[in-house]
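Numbering starts at 1 and runs along the sequence shown.
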Amino acid sequence: MKEFLMEHFFEHGMWIVLTYVLVLVAMGVDLVTGVRKSRKSGCKINSRGYKRTCRKAMDYFLPMMCLSCIDIIASAVVGLPVLTMVYGAYCVFCELKSVMETTHEKEQIRNDLRELIEMSEGVDELKELIRKLIK
């Protein structure tokens, strides 16, 4: 019985480690392609982008660790660490989706935000003109 449990935990551990490695690789690919896209488009690369990668790692790995603990507890019943693997697949999907996004789409979003900011500045000027006219 003890040998069965040790083999079972070892097998679960292997699947969990593989899932973590796949998520790390996907995050690395996203980081490298993001830096390349930024350099290609001429955008300045700053520490905030790298901090977002660290924040993303925390967002991915903290829930993944909890799910891994649940999977280990349930390993006697379930043959594979399903929760960890499903969440890992979701994380990899998100990273691949991020890699597939084109620079053009991101630049369009930035341009739209700039236009909104410019419009809001125009609204402030309009408010000042109305205030002057009312007085």
Side-chain angles (χ1 to χ4, degrees):
M1 180 70 173
K2 185 178 179 182
E3 290 177 21
F4 170 76
L5 287 176
M6 291 305 290
E7 287 177 20
H8 203 64
F9 283 138
F10 181 75
E11 183 179 343
H12 261 63
M14 293 293 289
W15 283 109
I16 290 171
V17 168
L18 178 65
T19 305
Y20 279 80
V21 168
L22 288 175
V23 172
L24 273 173
V25 167
M27 286 179 63
V29 168
D30 182 45
L31 177 64
V32 169
T33 57
V35 169
R36 284 185 183 171
K37 286 179 185 179
S38 293
R39 285 185 181 156
K40 189 181 266 188
S41 67
C43 292
K44 185 179 175 184
I45 301 171
N46 54 26
S47 65
R48 283 181 289 182
Y50 295 118
K51 287 178 187 175
R52 278 188 301 197
T53 300
C54 293
R55 206 170 301 122
K56 190 188 312 183
M58 286 178 52
D59 290 343
Y60 286 165
F61 289 120
L62 288 177
M64 207 165 168
M65 286 180 197
C66 293
L67 292 173
S68 297
C69 290
I70 294 170
D71 279 333
I72 289 172
I73 291 168
S75 67
V77 178
V78 183
L80 291 173
V82 178
L83 297 175
T84 305
M85 292 170 70
V86 169
Y87 187 74
Y90 166 74
C91 295
V92 170
F93 170 77
C94 290
E95 291 300 306
L96 292 180
K97 183 73 174 157
S98 175
V99 169
M100 297 295 190
E101 288 176 348
T102 61
T103 306
H104 174 70
E105 291 172 355
K106 290 181 180 180
E107 189 61 36
Q108 184 63 36
I109 292 169
R110 285 189 196 106
N111 289 338
D112 291 344
L113 287 174
R114 285 186 195 119
E115 287 178 22
L116 282 172
I117 291 169
E118 289 173 7
M119 288 173 59
S120 70
E121 291 171 356
V123 169
D124 291 337
E125 292 172 4
L126 183 62
K127 286 180 185 177
E128 287 298 317
L129 286 173
I130 291 172
R131 283 184 188 144
K132 288 179 183 177
L133 289 173
I134 292 174
K135 291 181 181 179

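- Side chain of S98 to backbone of C94: no donor-acceptor contact under 3.5 angstrom is found.
- Residues passing the side chain to side chain contact (heavy atoms under 4.5 Å, CB included) test with R39, sequence neighbours excluded: V35, I45.
- V82 is linked by a side chain to side chain contact (heavy atoms under 4.5 Å, CB included) to V78, L80, V86, counting only residues two or more places apart in sequence or in another chain.
- Under the 4.5 Å side-chain heavy-atom criterion for grouping Ile, Leu, Val, Met, Phe, Trp and Tyr, F93 is not connected to L22 through any hydrophobic cluster.
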Working for side chain to side chain contact (heavy atoms under 4.5 Å, CB included), residues M58 and R55
CA-CA 5 Å; M58 286 178 52; R55 206 170 301 122; 5.7 Å; no

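- When every heavy atom of L31 is checked against every heavy atom of T53, the shortest pair comes out as CD1-OG1, 3.5 Å.
- Note: T33 OG1 to M100 CE = 10.0 Å, rounded to the nearest 0.5 Å.
- Note that the CZ atom of R52 and the OG atom of S47 stand 10.5 Å from one another [nearest 0.5 Å].
- Listed here is the closest heavy atom pair of T19 and G88: CG2-CA, 3.7 Å.
- No path of Ile, Leu, Val, Met, Phe, Trp and Tyr side chains, each step under 4.5 Å between heavy atoms, connects V32 with Y60, placing them in separate hydrophobic clusters.
- Atom CD1 of I16 and atom CE of M64 lie 8.5 Å apart (nearest 0.5 Å).
- Residues in residues 21-45 take part in no ring pair (Phe, Tyr, Trp, His ring centres under 6.0 Å) pair, two or more places apart or across chains.
- For the ring pair (Phe, Tyr, Trp, His ring centres under 6.0 Å) condition, the pairs that include at least one residue of residues 12-35, sequence neighbours left out, are H8-H12, Y20-F61.
- Contacts of V21 classified as side chain to side chain contact (heavy atoms under 4.5 Å, CB included), with partners at least two apart in sequence or in another chain: V17, V25.
- Judged as a salt bridge (Lys or Arg N to Asp or Glu O under 4.0 Å), the pairs with a partner in residues 78-99 (not counting sequence neighbours) are, in order, K56-E95.
- Atoms SG and CG, on C91 and D59 in that order, are 9.5 Å from each other to the nearest 0.5 Å.
- Summarising the geometry of V99 relative to D30, their closest heavy-atom pair is CG2-CA, 3.6 Å, with the distance given to 0.1 Å.
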